[in-house]
Protein chains: 2
Amino acid sequence: MERKCNNQPYLLLMQTSKAIHDRIKEEIAKNKLGITEFSVLEVLYQKGKQTIQQIGKCILVSSGSMTYVIDKLEQRGLLSRNACANDRRVIHVTLTDDGNELMNEFMPKYHEFINHLFDSLHSDEVEALVQLLKKVRNKV
Amino acid sequence: MERKCNNQPYLLLMQTSKAIHDRIKEEIAKNKLGITEFSVLEVLYQKGKQTIQQIGKCILVSSGSMTYVIDKLEQRGLLSRNACANDRRVIHVTLTDDGNELMNEFMPKYHEFINHLFDSLHSDEVEALVQLLKKVRNKV
DNA sequence: TTCGATTATCTTGAATCTGAGATAATAATA
DNA sequence: TATTATTATCTCAGATTCAAGATAATCGAA
């Protein structure tokens, strides 16, 4: 009987993504941020003002965690909660100047870091990898 | 300024691996197991008797978490702790009959499930994906 | 042998996440 | 309008993880 998983592409895909995830976690930790915290800031940086709900859907985090993580980022002065004038159930969240400054500082390095991870591939290899991954992803 | 990450292979790699991770989590949850718990059982199923330390190194989990997860699996009767005769610091862990039965039952389904995720690729595409991922992984 | 270093496991406390349920506001409908 | 359903956020308990430190055993060198 086969007790070990021998599916090579599966093992490699998971190993590689975990390795990348861990390296990125380290990078983000340099700003004393967790990945969830960073993801919130990233959404706000990209999209501007968002509701808590919108952010949570975007980064796939429960409402309980959203309250928690936004509390922490607010205490740290990186974002602010603002009541919504039209709908008093809603809270808008925006980056503070400090938050913006942090992201302006960090994001170029961050993108550079990610690009660097794929340096070893030629452009045609990148294209091939993208096509193969799309095929897999669409099946999952 | 570029606020959004446009690195396609990166985004696809992480999206795909997360999607796969989540699907596998669901599969494993059908046995009322978490991924860490399952990983422990998997190691024991593949390698037979192991020390707690060995398992922890293998699945990259801290010693504190190992105690916790092995407690739970032991309480559920899926594995047992056995003192080591030679070295009294060490505890050997083995699957119980129940644990073995569970794994005998589940593992074929599990491997089938994983293979199924890559059904959409031809064998030459699988090979290409493997080569590309190796290249990326070795760089990270 | 004896003392210090190392090793394996466990304990504890803090961090983070989820899910269920509470609260409050809004929307929809009779 | 009154009632009901839905929505957004928050609260809380429980699960899981890690890091640091405690405990106990073993190893190694003087």
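The shown structure was predicted, so the numbers you read here are calculated from the model rather than taken from an experiment. A, B, ... follow the sequence lines: proteins, then strands. Residue 1 opens every chain.
With rounding to whole Å, A:N86 atom CG is found 14 Å from D:dA8 atom C1'. Spacing between atom NZ of B:K25 and atom P of D:dA15 amounts to 15 Å, rounded to whole angstrom units. What separates CD1 of A:I70 from P of C:dT16 is a distance of 15 Å, to the nearest Å. For A:D87 and D:dT7, the CG to P distance is 12 Å, given to the nearest whole Å. Summarising the geometry, the separation between CD on A:E37 and C1' on C:dA15 is reported as 10 Å, rounded to the nearest angstrom. For A:N82 and D:dT9, the CG to P distance is 12 Å, given to the nearest whole Å. Atom CD in B:Q54 sits roughly 9 Å away from atom P in C:dA8 (whole-Å rounding). Taking atom CE of A:M66 as the reference point, atom P of C:dT16 lies 14 Å away to the nearest angstrom.
Within a 6.0 Å sphere centred on NZ of A:K18, heavy atoms belonging to other residues, nucleotides or ligands number 12 at most. Heavy-atom neighbours of A:D124 CG from other residues, nucleotides or ligands within 6.0 Å: above the threshold of 12. Counting non-hydrogen atoms of other residues, nucleotides and ligands closer than 6.0 Å to NZ of B:K139 gives a total above 12. The environment of CG in A:N138 is crowded: more than 12 heavy-atom neighbours from other residues, nucleotides or ligands sit within 6.0 Å.
Residue contacts shown for B:V69 are absent, as no nucleic acid heavy atom lies under 4.0 Å away. Among the atoms of the strands shown, only primed sugar atoms or phosphate atoms (P, OP1, OP2) are found under 4.0 Å from some heavy atom of A:K72.
Comparing atom distances between the A:V90 side chain and each of D:dA15, D:dA8, D:dC10 picks out D:dA8 as nearest. Side-chain proximity of A:T67 to D:dT17, D:dT9, C:dC17: nearest is D:dT9. For B:R81, the side-chain atoms get nearest to C:dC10 when compared with the rest of C:dC10, D:dA8, D:dC10.
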Check nucleotides 19-21 of chain C against the protein and report each pair of N or O atoms closer than 3.5 Å, with its distance, or say if there are none.
none

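Between A:K109 and A:E112 no salt bridge is recorded (no basic side-chain N to carboxylate O distance below 4.0 Å).
Nearer to the 5' terminus of DNA chain C, by closest-nucleotide assignment, is the contact made by B:Q53 (compared with the other of B:Q53 and A:L60).
At a cut-off of 3.5 angstrom, the base of D:dT7 holds at least one donor-acceptor pair with the side chain of A:R89.
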* To do: Could you walk me through whether A:Y45 and A:N104 pass side-chain hydrogen bond (donor to acceptor under 3.5 Å, both in side chains), step by step?
  => CA-CA 9 Å; A:Y45 190 68; A:N104 278 330; 2.5 Å; yes
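Using a 4.5 Å cut-off between side-chain heavy atoms of Ile, Leu, Val, Met, Phe, Trp and Tyr, with links allowed through other members, A:V90 and A:I52 fall into different hydrophobic clusters.
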